[in-house]
Protein chains: 2
Amino acid sequence: MRKPTSPSVVHPALQLENQLCFPLYALSRMITKAYQPLLQELDLTYPQYLVFLLLWEHQELTVKELGEKLLLDSGTLTPLLKRLEQKQWISRRRDPRDERSVIIELLPAGRALHERACKVPEQIFAQLNITPAEFETLRTQLNTLLNHLA
Amino acid sequence: MRKPTSPSVVHPALQLENQLCFPLYALSRMITKAYQPLLQELDLTYPQYLVFLLLWEHQELTVKELGEKLLLDSGTLTPLLKRLEQKQWISRRRDPRDERSVIIELLPAGRALHERACKVPEQIFAQLNITPAEFETLRTQLNTLLNHLA
DNA sequence: TGCTATTTAATTGTGTACAACTAAATAACG
DNA sequence: CGTTATTTAGTTGTACACAATTAAATAGCA
């Protein structure tokens with residue numbers, strides 16, 4: 001072991017353990033990592049899974065609509081969606097009524113993923129070791145804060 | 001407007017709005033974005049800022065120690081630290097007592113950033129529109145959940 | 001109508017994240 | 001002591017994220 005470095009005078013608010021941002025950032029990545037082995041069986045990444053959550057509900061959405069719901073821009077979505085298109089899970093086409101928009105449509109193979117994904121949420125929940133009530137409280141708080149910022 | 005697509009039968013647990021993971025993921029990115037203009041004045045990215053939070057407290061840490069505290073691996077840290085080294089904010093050297101370890105040391109220019117960063121936390125807090133009590137509750141809950149997973 | 005402003009995706013470049021692998025150093029053990 | 005196992009960073013390749021820019025289409029308006 002190296003010698004422990006002497007603690008210097010640091011603003012408490014600048015200590016990692018007092019941050020809100022850090023556990024948020026770390027927890028987000030940890031949760032993504034918890035999804036990874038489950039999603040790997042579906043050949044999906046976590047952001048791709050989020051796109052499918054929306055498409056399973058809506059069948060088709062524009063890139064703009066996906067971006068609004070996921071808070072992601074075209075710089076992230078365009079290459080992601082092209083990869084899903086290559087796998088024949090979605091189609092991309094310009095809206096004939098407004099050629100600026102690109103409509104993303106769920107293809108049969110993409111819809112078929114829904115059935116296989118059904119068990120994912122409960123498997124994740126089991127790993128969290130929290131009660132449904134705690135889950136709800138936290139979800140509500142995070143959504144509230146998100147609405148303040150977004 | 002395109003025609004609204006008819007809602008299909010979707011497992012409630014597979015709806016985006018019922019997820020815990022999504023607000024966590026989105027909020028983490030939104031908070032990072034809130035930091036961005038403040039950190040830009042320090043020429044820092046958000047993960048680089050987290051590294052400095054630790055180095056301002058400890059002056060020197062190994063890559064392993066940084067990785068343990070930030071839950072990041074060398075694949076992320078090595079290039080990030082090399083960029084900080086190029087700016088002469090930190091130094092990287094092998095530990096002579098264990099040549100496998102790389103010691104990251106804060107250089108004067110890196111320490112000088114601390115003073116300029118002091119106002120960052122309060123400026124972020126102001127944007128959150130929550131009370132200190134709510135801040136504390138949320139921070140505790142997130143840390144608890146993080147400990148369950150990490 | 002004709003011109004300008006806005007909207008929408010795509011592109012480009014930088015910087016994370018992370019899985020999988022490599023290489024070097026050290027620890028552990030017979 | 002020598003051999004094997006483990007630890008530690010670094011490397012490679014893939015996939016986000018996002019700022020900034022570009023280009024095409026549409027809206028707005030004089």
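To find a chain, count down the sequence lines: A is the first, B the second, and so on, and within it residues start at 1.
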What is the distance, to the nearest angstrom, from the [atom1] atom on [X] to the [atom2] atom on [N]?
X: A/L27; N: C/dA17; atom1: CG; atom2: C1'; result: 16 Å
X: B/L77; N: D/dT8; atom1: CG; atom2: C1'; result: 13 Å
X: A/E68; N: C/dA9; atom1: CD; atom2: C1'; result: 14 Å
X: A/F22; N: C/dT16; atom1: CZ; atom2: P; result: 15 Å
X: A/L66; N: C/dA9; atom1: CG; atom2: P; result: 9 Å
X: A/R92; N: C/dA10; atom1: CZ; atom2: C1'; result: 9 Å
X: A/L39; N: C/dC18; atom1: CG; atom2: P; result: 14 Å
X: A/E85; N: C/dA9; atom1: CD; atom2: C1'; result: 14 Å

Among A/E60, A/E85, A/E99, salt bridge (Lys or Arg N to Asp or Glu O under 4.0 Å) partner for A/R93: A/E60
Nucleotide-resolved protein contact map, nucleotides 14-25 of chain D, B/S/- at heavy-atom distance under 4.0 Å: -SSBBB-----B
Shortest non-hydrogen contact from A/A117 toward A/W56: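 Taking A/A117 first and A/W56 second, the nearest heavy atoms are CB-CH2, 3.5 Å.
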Donor-acceptor under 3.5 Å (A/S28 side chain, A/L24 main chain):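 No, because the side chain of A/S28 does not come within donor-acceptor range (under 3.5 Å) of the backbone of A/L24.
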Backbone of B/E17 reached by a side-chain donor or acceptor of A/R139 within 3.5 Å: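 A pair under 3.5 Å: yes.
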Atom pair CZ (A/R29) and CG (B/L72), whose distance is rounded to the nearest 0.5 Å: 4.5 Å
Phosphate contact (D/dT11 OP1 or OP2) by B/K82 side-chain N/O below 4.0 Å: yes
Presence of B/R94 side-chain N/O under 4.0 Å of D/dT8 phosphate oxygens OP1/OP2: no
Under-4.0 Å salt bridge between B/K64 and B/E68: yes
